[in-house]
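Convention: sequence-line order gives letters A, B, ...; per-chain numbering from 1.
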Amino acid sequence: MKHKIRQLLKQSLDQLVEGGDLELAMLPAQIPVEHPRRAGQGDYASGIALGLARVSGQKPRDLAGKIQAALPAAPFVESTEIAGPGFINFFVAEQALIEVVSEVLDERDKYGTKVIENPHKVLLEYVSANPTGPLHVGHGRGAAFGDTLARLLRSAGHQVDTEYYVNDIGRQMDILGVSVCMRYLELEGQTAIVPQGVYQGMYVRDIAARFKRRHGREIELGEVPRFEVDGGTLDEVVDSLIRQVRDWLGEAQFEMIRSFALADMVEVIRADLEAIGVVHDSWFFESQVTKSGELEEAINDLEKNGFLYRSGGARWFQSSEFGDEKDRVLTRSNGELTYFASDIAYHLNKLRRGHDYVINIWGADHHGYIARMKAAMQAAGENAERLRIYLVQFAALYRGKQKIPMSTRAGEFVSLAELVDEIGQDATRFFYVLRKPDQHLDFDLELAKSVSNENPVYYVQYAHARICSVFRQMSERGIVRSTGRNLPGRAEQVELNLIRRISKFPEVIESAAQALEPHQIAYYLRDLSTDFHSFYNRVRILDGEPPLRDFRLNLIEAVQQVLANGLEILGVSAPETM
RNA sequence: GCCCCGGUAGCUCAGUUGGAUAGAGCAGCCGCCUCCUAAGCGGCAGGUCAGACGUUCGAGUCGUCUUCGGGGCGCCA
């Protein structure tokens, strides 16, 4: 409907250009059409005349009048008016609104979808937390956001592939391996040490226990040494411990434990995600780019293009050439590659798979990496514009007023799994997505638990369940709807409000998808639910005269459908009873 | 010191790319179940949009500065 209004305005403007009242160059790329805030100002309004007034040297209201006069007639427009400083308000014909109900009932779960004019093929990477511990509440936000975004974009008509990038090699995995070794020792009745810097959480014991069950017989502990952990910085102690454990167990046995821990951890994470309905299309392991040689190729590309140099025994990438604030190390002076190096190879891999855009959802703590990653893509000869990186702000966890620190290494965190256990998948997802991504999120556990019955998600679900209930009643009373969809007489205000809201659903999907803002859907559903609950309280649907009754049944069925479509995007269930 | 995000009702947050008289939920107060689910509805009250200046017909929205809060600035991941 919005597009149709815009179309009318465009035709009018074109005519004025032809008549010499306006010049083509003055026209904006997109003609503004909005919903007036106040009732009585029409269904749609455009401030186009206000914008054009200055550049064309005409008074806004005069110009608005010319535009209005040149508007082509359209059956769905009841009337137009010039209002305020020069707005053109559009009043939609009641009949056109009523037809929206039919439209929803014809299109069903397709209503509101495929609203994008030129669909893209998109690769969306999100979560990608290191497999060194279960997901915590902070990761949950990225997971809920990313998954909802994927659903939203698909719904709007884009083609989306989702991926999880796993850092499966490097020091962190060694530390995880050592941590599991220590807990395994404990299970064998030996004395183990778990100094600071080694993963402390209970989940490490669980991994060790599963390892023992599966592979306990294959491990030869031999003489367990006394581990030296004195002196040096935290990092030095940890590195020394890794060496000691490797020497003691031998590379083969250590690798066995390390790789088991990795696989086990990945499974835990996969299960954590599944518990809130998040499933990635693919999982990409960092080791893939090393084994395939892509890592070397990537570095060669940069070298060939002349953006690498050596200094202080390390190999640097000239990211400052592309707007980064300083150059970055690719190969450390000890010969090891940084994670940045394999990240470059991975992102080149993604950009070369044939998507229009590659979208990354990163935690806000990674914002310093955007410039260097885009720099690397450019240096390697790719169009960095195709890589879109979006940040999701942190979720800080509170228990009442008490802030809960979150550290995987220290084992202090509230896991996502615990959260979902306590407040459920639907409430968890809705809570996360209710905030726009660039807003800090204070997740108060006490509150989330105590107000769980007042969570907006139940308000929306309740609307859906209530409608289901009306249809159950209808069956019980043996009521059979006629197939006609006309409304006898005039619609009431509550009905029109509801229909207007339904008619906006496609616009909301378009807007939310365009802005990558899933929260718009959540707020829309809440508003739709409000309109429905109002309507429900105002009229007795089943007690009306058959023609009116049947129209209202169609109306709430349309509401039910839109609620279901919207909840599907959020990954929240649409229950039939509550 | 530099960079990113934020500051809107007592609390948690929206605010449709600069528009008309700034909204919702929770908390508070007053009403509504003989009736399809009261996890609901109606009403009241609640605001210097952190502050200042600027841009213009018009600013919660854009710019500069100040201030407060969160995060980031490594041959860590």
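Distance Arg141(A) CZ to rG6(B) C1': 11 Å, rounded to the nearest Å. We find that CD of Glu34(A) is positioned 15 Å from C1' of rG23(B), with the value rounded to whole Å. As a whole-Å value, the separation of Arg526(A) CZ from rU12(B) P is 16 Å. If you take CD of Glu517(A) and P of rU61(B), they are 18 Å apart, rounded to a whole angstrom. Regarding Phe532(A), its CZ atom lies at a distance of 13 Å from the P atom of rC36(B), rounded to whole Å. Distance, Gln172(A) CD to rC76(B) C1': 8 Å, rounded to whole Å. Nucleotide rG15(B) holds its P atom 12 Å from the CG atom of Asp527(A), rounded to whole Å. Whole-Å rounding puts the His533(A) NE2 to rC41(B) P distance at 6 Å.
Phosphate proximity of rA24(B) to Thr530(A): absent, as no side-chain N or O sits under 4.0 Å from OP1 or OP2. One finds no side-chain N or O of His440(A) lying less than 4.0 angstrom from the OP1 or OP2 phosphate oxygen of rC13(B). Side-chain N/O atoms of Tyr459(A) include one lying less than 4.0 angstrom from OP1 or OP2 on rC41(B). Not one side-chain nitrogen or oxygen of Arg540(A) sits closer than 4.0 Å to the OP1 or OP2 atom of rC35(B). The phosphate of rG15(B) has OP1 or OP2 within less than 4.0 Å of a side-chain N or O from Lys436(A).
Closest to the Ile541(A) side chain, of the nucleotides rC41(B), rC36(B), rU12(B), is rC36(B). Ranking rA14(B), rG6(B), rA38(B) by closeness to the Tyr536(A) side chain, first place goes to rA38(B). Taking every side-chain heavy atom of Arg171(A) into account, rC76(B) is the closest of rC75(B), rU16(B), rC76(B). Side-chain proximity of Leu542(A) to the nucleotides rC41(B), rC36(B), rA20(B) is greatest for rC36(B).
Taking atom P on both nucleotides, rU61(B) is separated from rG54(B) by 14 Å, rounded to a whole Å. Comparing the same atom, P, in rC29(B) and in rA50(B) gives a spacing of 30 Å after rounding to whole Å. Only the P atoms considered, rC11(B) is 16 Å distant from rC49(B), to the nearest whole Å. The same atom, C1', is picked in rC2(B) and in rG58(B); the two are 36 Å apart, to the nearest Å. Here the separation of rG42(B) from rG25(B), taken at their P atoms, is 9 Å to the nearest Å. When the P atom is compared between rC44(B) and rG63(B), the two are found 38 Å apart, to the nearest whole Å. Taking the P atoms as reference points, rU48(B) lies 14 Å from rG60(B), given to the whole Å. Look at the P atom in both rA59(B) and rU21(B): the space between them is 11 Å, to the nearest Å.
One N or O donor and one acceptor, one from the side chain of Gln514(A) and one from the base of rU17(B), sit under 3.5 Å apart. You won't find any donor-acceptor pair under 3.5 Å spanning the side chain of Ser534(A) and the base of rC41(B), going by distance alone.
Side-chain atoms of Glu510(A) and His3(A) form a donor-acceptor pair, as typed in the model, at a separation below 3.5 Å. The closest side-chain donor-acceptor pair between Asn360(A) and His347(A) falls under 3.5 angstrom.
Under a 4.0 Å N-O distance rule, the pair Arg500(A)/Asp43(A) qualifies as a salt bridge. Note on Glu545(A) versus Arg552(A): no salt bridge recorded, every NZ/NE/NH1/NH2 to OD/OE distance being 4.0 Å or above. Taking 4.0 Å as the cut-off between side-chain N and carboxylate O, Lys59(A) and Asp62(A) do not count as a salt-bridged pair. The pair Arg171(A)-Asp239(A) meets the salt-bridge criterion, since a charged nitrogen lies less than 4.0 angstrom from a carboxylate oxygen.
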Using a cutoff of under 3.5 Å, can you pull out all pairs of nitrogen or oxygen atoms linking the protein to nucleotides 56-59 of chain B, with atom names and distances?
from, atom 1, to, atom 2, distance (Å)
rC57(B), N4, Arg54(A), NH2, 3.4

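Ring-base stacking between Phe87(A) and rA20(B) is satisfied, the centre separation being under 5.5 Å and the plane angle under 30°.
Checked options Tyr346(A), Phe285(A), Tyr339(A); the residue passing with Tyr165(A) is Tyr346(A) (criterion: ring-ring contact (aromatic ring centres under 6.0 Å, His included)).
With Tyr536(A) as the aromatic partner, Arg540(A) does not meet the cation-pi criteria of under 6.0 angstrom to the ring centre and within 45 degrees of the ring axis.
Taking Asp174(A) as the reference, Ile242(A), Arg246(A), Phe254(A), Arg258(A) meet the side chain to side chain contact (heavy atoms under 4.5 Å, CB included) condition, with sequence neighbours excluded.
Where RNA chain B pairs in unbroken runs of 3 or more (Watson-Crick or G-U, both distances under 3.5 Å), the stems are B:1-7 with B:67-73, B:10-13 with B:23-26, B:28-32 with B:40-44, B:50-54 with B:62-66.
Using cut-offs of 30° and 60° on the angle between ring planes, the pair Tyr524(A) and Phe505(A) is tilted. Using bins of under 30°, 30° to 60° and over 60° for the plane-to-plane angle, the ring pair His35(A)/Tyr44(A) lands in the tilted bin.
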